[in-house]
There are 2 protein chains.
Amino acid sequence: MASAVTNLDLHDIARAARTYGVQSFHVITPLDDQRELAEKIVRHWTRGSGGEHNPKRREALELIRLTSSLDETRAIIQEESGLPPAIVATCARRYPNATKFVELAERLKAGKPHLVIFGTAWGLSQDLIEASDAILEPIGDHRGYNHLSVRCAAAIVMDRLMTFRL
Amino acid sequence: MASAVTNLDLHDIARAARTYGVQSFHVITPLDDQRELAEKIVRHWTRGSGGEHNPKRREALELIRLTSSLDETRAIIQEESGLPPAIVATCARRYPNATKFVELAERLKAGKPHLVIFGTAWGLSQDLIEASDAILEPIGDHRGYNHLSVRCAAAIVMDRLMTFRL
């Protein structure tokens, strides 16, 4: 199942990625028209008039890489960093053996590249979750309600992993 | 300076508020047309067809209270909880004597109502910041970049204050 790429997801997640010093933000969609739309938005803010008027936004959107598959993203990261990334799935449900935030924060400090993946709309597919190297524990099951937007969930996950407060 | 109320700010912040067990989410704008627009959105999701199709969204948007001033919001909280709230301003800049997240998390546990305020667009006015009872420390000054969307900033602040991980 493929869902739509939204303008605000691109902006919000790129801004959070830049804030927390994340290396790159990969937007993966098999849909050509969605990728073209995202390309147009990224171009406007990185090489067009958007970036001239708002250099802070350019700095954020420059982190975006657009691909059509997880394999393509994995290859880009391997090329850029010299190592294949460990794939970490995120999910609102709790899996047995889920990796704790504090554990993943420790692993990130060691320097090996990690790709933390988020799904929009219905979340990640079951195949993707099972094929990942690790599944991150859910943000929480506060009072049984766990329906954050992907933008807010990604920002919270970056905050927990990158500020080393744990 | 008054800025626009956006549909996604309402949804994202209400969903995060519901997730973290926040009592109510007050949207304050002096602009009648903005308040009417927000009212329409909230009505659609709490009493209209939106809420019927998506009860989880209704649960979140039911937390929204719309007012035209901080005084009005303060009066509503005092009426609902029996005590006037302590007003906590948020700001991307660091103030001397800013309250640390861990300190505010401790104060919240004591049960007195607190109103944590966020500004959209250009942030909160200087008057509002100076009139508040406390100013929360900024989320961070990671590598000099601090340009989170208000949606993501509010979600991160709730996560830091309400999960008691500090």
Side-chain angles (χ1 to χ4, degrees), chain A residues 6-23 25 45 51 54-63 92 100-102 105 118 120-122 137-166, chain B residues 6-23 25 45 51 54-63 92 100-102 105 118 120-122 137-166:
Chain A
T6 74
N7 181 41
L8 226 58
D9 286 341
L10 297 180
H11 281 263
D12 278 21
I13 298 173
R15 290 161 76 181
R18 179 66 189 81
T19 300
Y20 289 101
V22 170
Q23 291 288 311
F25 163 31
W45 291 100
N54 192 339
K56 291 287 179 194
R57 207 52 77 88
R58 181 174 59 209
E59 266 187 71
L61 273 79
E62 277 172 352
L63 299 179
K100 291 197 181 304
F101 280 96
V102 59
F118 296 87
T120 51
W122 303 273
E137 65 176 330
I139 286 173
D141 19 39
H142 309 276
R143 297 151 193 87
Y145 190 96
N146 209 343
H147 298 277
L148 294 166
S149 68
V150 70
R151 298 170 289 281
C152 291
I156 290 167
V157 167
M158 286 185 242
D159 186 62
R160 289 192 185 184
L161 294 177
M162 307 299 277
T163 53
F164 309 120
R165 293 167 298 106
L166 293 157
Chain B
T6 75
N7 180 40
L8 226 57
D9 286 342
L10 297 180
H11 281 263
D12 277 21
I13 299 173
R15 290 162 75 181
R18 179 66 188 79
T19 299
Y20 289 101
V22 169
Q23 290 288 311
F25 163 30
W45 291 100
N54 192 338
K56 291 288 179 191
R57 207 53 74 87
R58 180 174 61 210
E59 267 188 69
L61 274 79
E62 276 173 351
L63 299 179
K100 292 198 180 304
F101 280 96
V102 59
F118 296 88
T120 52
W122 303 271
E137 65 177 333
I139 286 174
D141 19 39
H142 308 276
R143 298 150 193 88
Y145 190 96
N146 210 342
H147 299 276
L148 294 167
S149 69
V150 70
R151 298 171 289 282
C152 291
I156 291 167
V157 166
M158 286 185 241
D159 187 61
R160 289 191 183 183
L161 294 177
M162 305 299 277
T163 53
F164 309 119
R165 292 166 301 106
L166 292 158

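In what follows, chains carry the letters A, B, and so on, assigned in the order in which the sequence lines appear, proteins first and then strands, with residues in each chain numbered from 1.
Closest of all the heavy-atom pairs between A60(B) and Y145(A) is CB-OH, 3.5 Å. For the residue pair D159(B) and T163(B), the shortest heavy atom distance occurs at O-OG1, 2.6 Å. Closest heavy-atom contact between A105(A) and L161(A): CB-O, 3.7 Å. Closest heavy-atom contact between M162(B) and Y20(B): CE-O, 3.4 Å. A pairwise comparison of heavy atoms in W45(A) and N54(A) identifies CZ3-CB, 3.9 Å as the closest pair. V22(A) and L63(A) get closest at one heavy-atom pair: O-CD1, 3.8 Å.
Judged purely by atom type and a 3.5 angstrom limit, N146(B) has no side-chain atom pairing as donor or acceptor with the backbone of T19(A).
Options R57(B), K56(B), H11(B) differ in how many heavy-atom pairs under 4.5 Å they form with chain A, and the most are formed by K56(B).
Among the residues in residues 151-158 of chain B, those with a non-hydrogen atom closer than 4.5 angstrom to a non-hydrogen atom of chain A are R151(B), C152(B), A155(B), I156(B).
With a 4.5 angstrom heavy-atom cutoff, L8(B) touches chain A only via side-chain atoms.
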